[in-house]
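Here the structure is laid out as structure tokens; the discussion comes afterwards.
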Amino acid sequence: MHGLAIDAPSALAEEATLAALLRCCVREVAGPRGLVWPAPPYLLLRVADRLLRARTYGGAALRFDGPLERLQDGAWRPLTTDELVGLVEADLQGHNAEFADQVAASKEAVAAILRARAAAEPPADPWLASEQALVYGHPFHPSPKARGGDGWLRYAPETHAEFPVQLLGVREDVLAEEGDVSALDGMGRAPDGYRLLPAHPWQLDLLRPAFGAELIDLGPGPVVSPTSSVRTVYAPDSAVCLKFSLNVRITNCVRKNAWYELAGAVELSSRLKPIFAEISAKHPATRWLPEPGYRSAALGTHLHEGLGVIVRQSPWAACAPGVTPVLAGALALDAQAREPLAWWSAYVSAVALPVVELYFAHGVVLEPHLQNVLVGQDAAGLPAQAVFRDLEGTKLVAGRHDLDGLHPEVARALTYDAERGWTRVVYCLLVNHLTEIAAAVAGHDGGLLRALWRIARDLLAKLAADLGWPLPLSDLLAGAPLPAKANLGVRWARAADRTAGYVPIANPLA
Ligand SMILES: Nc1ncnc2c1ncn2[C@@H]1O[C@H](COP(=O)(O)OP(=O)(O)OP(=O)(O)O)[C@@H](O)[C@H]1O
Ligand SMILES: [Mg+2]
């Protein structure tokens, strides 16, 4: 039967790629123009004058049942990714010669991941397994798995890759570091006068630094496992995560630690310590992952940034004994909520309340999207803790913190104005995160989905009362539209992720 068997990975990759692109079209292309019509059980939309339809459930998460279709010559026919890419290209202003290739590359990557994953052994560590579960990636991105360069499969979390970091030695007079990086010194032995700098082997291939007296190659070091962001790895023997630079575009960004972000992470780690202590006193489920230090080589900006590594605490160290951290993004795929109302209530209390309180009471903007939050589950599987991570996306609200004494570039990079910060919080927490978890918990039960949002509303309203009904939170609870990040728009414009706009979507809290 050679050649006749359906290649399941290719079919699944096509299905997932088409679904993600259609979600972007509903949200960013047809939605803002009023060209989306609910016609239960279908959702109809028009893109480039073509009528499309899909059976949907899960509210704003837009989960699909059955085929996605286009109307042609009086009949509904199956829609393909290539056709939808053509419609998007015809509909959007301007021209982007890379777009179709990026979508196709992402689809190919998903198929390659599925093939390799079928033959791979998942890790015994349940947290790590959850980090490696995001096979299809961001559900509202046109090319969620596009990854630059060759050989990426060797370093892919979804295929349960494991590999040794490469140990470099940096001569002490050209060492660049701040904060506590003692975890790095335990990863091997450096000759006298040198300090250890672990490097991601993929990044070394990309950077090809010149070795000499100042920078030496000490060979392979401890074996590590990639987490969901690809460039952050877990080093189990040292009980830390290492956040590397990777000069590769992963979704919207080339994943390079800028020098001011290296310094900013350490700065935030010390500033947030007392703030999180206060937050945990009021919301005892709150945990976070400090990034106590970074190390690099002061051999010009290119290498300083390219080799810069941030040390991050392991989530196991953040959780109480008996509590298992699980990536929120994995729960969005399979929530396993045996008692949905109680589970959701615990989830929203643990995840949402501290985020909102941090914004209003402390002027701190977390980036609590599905990939930046771990939920600690107790022995019964109930959400008992929420662990927030990724200080690169964590910002301080302008005017609420004394940033005198910081390098102006460091201060600039860790500051948002109040409005931008609130938009970011609402997008990450509600649109990116809770919408997906609610859809996973409710499945096809629309009544349950509405009940979940009533619970979220009541919990947030109680906090709002406590905080004196701050205006943006009151607006939100009164039903102001939610801001959804325009991932298709920013890719189409070939713009930097930080310039991404937002499109308004219906608010399920009202
Ligand atoms: N729902 C989601 N929301 C945001 N990112 C997602 C989602 N699903 C998958 N991802 C992926 O997770 C990564 C998130 O990027 P982010 O900038 O938070 O991570 P990072 O800063 O590179 O690393 P780390 O999170 O370890 O600090 C991207 O690769 C993105 O494609
Ligand atoms: Mg992240």
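As the structure lists them, so they are numbered: ligands from 1, and atoms in each ligand from 1. In this text, all values refer to a predicted model and were calculated from it rather than measured experimentally.
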(request) Using a strict cut-off of 4.0 Å, indicate which atoms of ligand 1 neighbour a heavy atom of Arg312. (result) 24 (P), 26 (O), 27 (O)
(message) Please check whether Arg231 reaches ligand 1 - meaning an N/O of the residue sits under 3.5 Å from an N/O of the ligand, judged on distance alone.
(response) yes
(message) Show me which atoms of ligand 1 lie under 4.0 Å from any heavy atom of Thr232.
(response) 23 (O), 24 (P), 26 (O)
(request) Give a yes-or-no answer on whether the side chains of Arg27 and Asn487 include a donor-acceptor pair shorter than 3.5 Å. (result) no
(message) Can you tell me how the ring of Trp127 sits relative to the ring of Tyr234, calling it parallel under 30°, perpendicular over 60° and tilted otherwise?
(response) perpendicular
(message) If I apply the N/O under 3.5 Å rule, does Ser228 come out as touching ligand 1?
(response) no
(message) If you measure every N or O of His369 against every N or O of ligand 1, does any of those distances drop under 3.5 Å?
(response) yes
(request) Could you tell me whether Asp497 and Arg249 make a salt bridge, using a distance below 4.0 angstrom between a side-chain N and a carboxylate O? (result) no
(request) Give the atoms of ligand 1, by number and element, whose distance to some non-hydrogen atom of Glu392 is under 4.0 Å. (result) 21 (O)
(message) I'd like to know if Glu158 pairs up with Arg117 as an ion pair, taking the criterion as any Lys NZ or Arg NE/NH1/NH2 lying under 4.0 Å from an Asp or Glu carboxylate oxygen.
(response) no
(request) Give the numbers and elements of all ligand 1 atoms closer than 4.0 Å to a heavy atom of Ile250. (result) 29 (O)
(request) Pull out every atom of ligand 1 sitting under 4.0 Å from any heavy atom of Lys243, numbered as shown with elements. (result) 20 (P), 21 (O), 23 (O), 24 (P), 27 (O)
(message) Side chain, backbone, both or neither: which applies to His141 and ligand 1 if a contact is any heavy-atom pair less than 4.0 Å apart?
(response) neither
(request) Please check if atom CZ in Arg450 has more than 12 non-hydrogen atoms from other residues, nucleotides or ligands closer than 6.0 Å. (result) no
(message) Checking a contact table here: which protein heavy atom is nearest atom 14 (C) of ligand 1, and how many Å away?
(response) Gln371 OE1, 3.4 Å
(request) Pick one of side chain, backbone, both or neither for how Arg255 approaches ligand 1, counting any non-hydrogen atom pair under 4.0 Å. (result) side chain
(request) Check each atom of ligand 1 against the heavy atoms of Leu370 and keep those under 4.0 Å away; list them by number with element. (result) 1 (N)
(request) Output yes when Glu261 and Arg498 qualify as a salt bridge under the 4.0 Å nitrogen-oxygen rule, no when they do not. (result) no
(message) Just to be sure I understand the site: which N, O or S atoms from the protein are less than 2.8 Å away from the Mg ion (ligand 2)?
(response) Gln371 OE1, Asn372 OD1, Asp390 OD2
(message) Side chain, backbone, both or neither: which applies to Thr227 and ligand 1 if a contact is any heavy-atom pair less than 4.0 Å apart?
(response) neither
(request) For a side chain to side chain contact (heavy atoms under 4.5 Å, CB included) with Lys243, tell me which candidate from Val311, Val233, Ile310 qualifies. (result) Ile310
(request) Give the residue, atom name and distance (to 0.1 Å) of the protein heavy atom nearest atom 2 (C) of ligand 1. (result) His138 CD2, 3.5 Å
(message) Can you confirm if the aromatic rings of Trp259 and Tyr294 lie within a centre distance of less than 6.0 Å?
(response) no
(request) Decide if atom CD of Glu419 counts as having more than 12 heavy atoms of other residues, nucleotides or ligands within a radius under 6.0 Å. (result) no
(request) Please determine if Arg63 and Glu436 form a salt bridge, counting it only when a charged side-chain N lies under 4.0 Å from a carboxylate O. (result) yes
(request) Using a 4.0 Å heavy-atom cut-off, say whether Asn372 meets ligand 1 through its side chain, its backbone, both or neither. (result) side chain
(message) Please report the interatomic distance OH(Tyr502) to CG(Leu482), rounded to the nearest 0.5 Å.
(response) 12.5 Å
(request) Identify, by atom number and element, the atoms of ligand 1 in contact range of Asn432, meaning under 4.0 Å from any of its heavy atoms. (result) 1 (N), 2 (C), 3 (N), 4 (C)
(request) Can you sort out which atoms of ligand 1 are near Thr251, meaning under 4.0 Å from one of its heavy atoms? (result) 28 (C), 29 (O), 30 (C), 31 (O)
(request) Establish, from distance only, whether the side-chain atoms of Glu14 and Thr81 form a donor-acceptor pair under 3.5 Å. (result) yes
(request) Please check if any side-chain donor atom of Arg115 sits under 3.5 Å from a side-chain acceptor atom of Ser10, or the reverse. (result) yes
(request) Go through the side-chain N and O atoms of Asp390 and His369 and say whether any donor and acceptor fall under 3.5 Å apart. (result) no
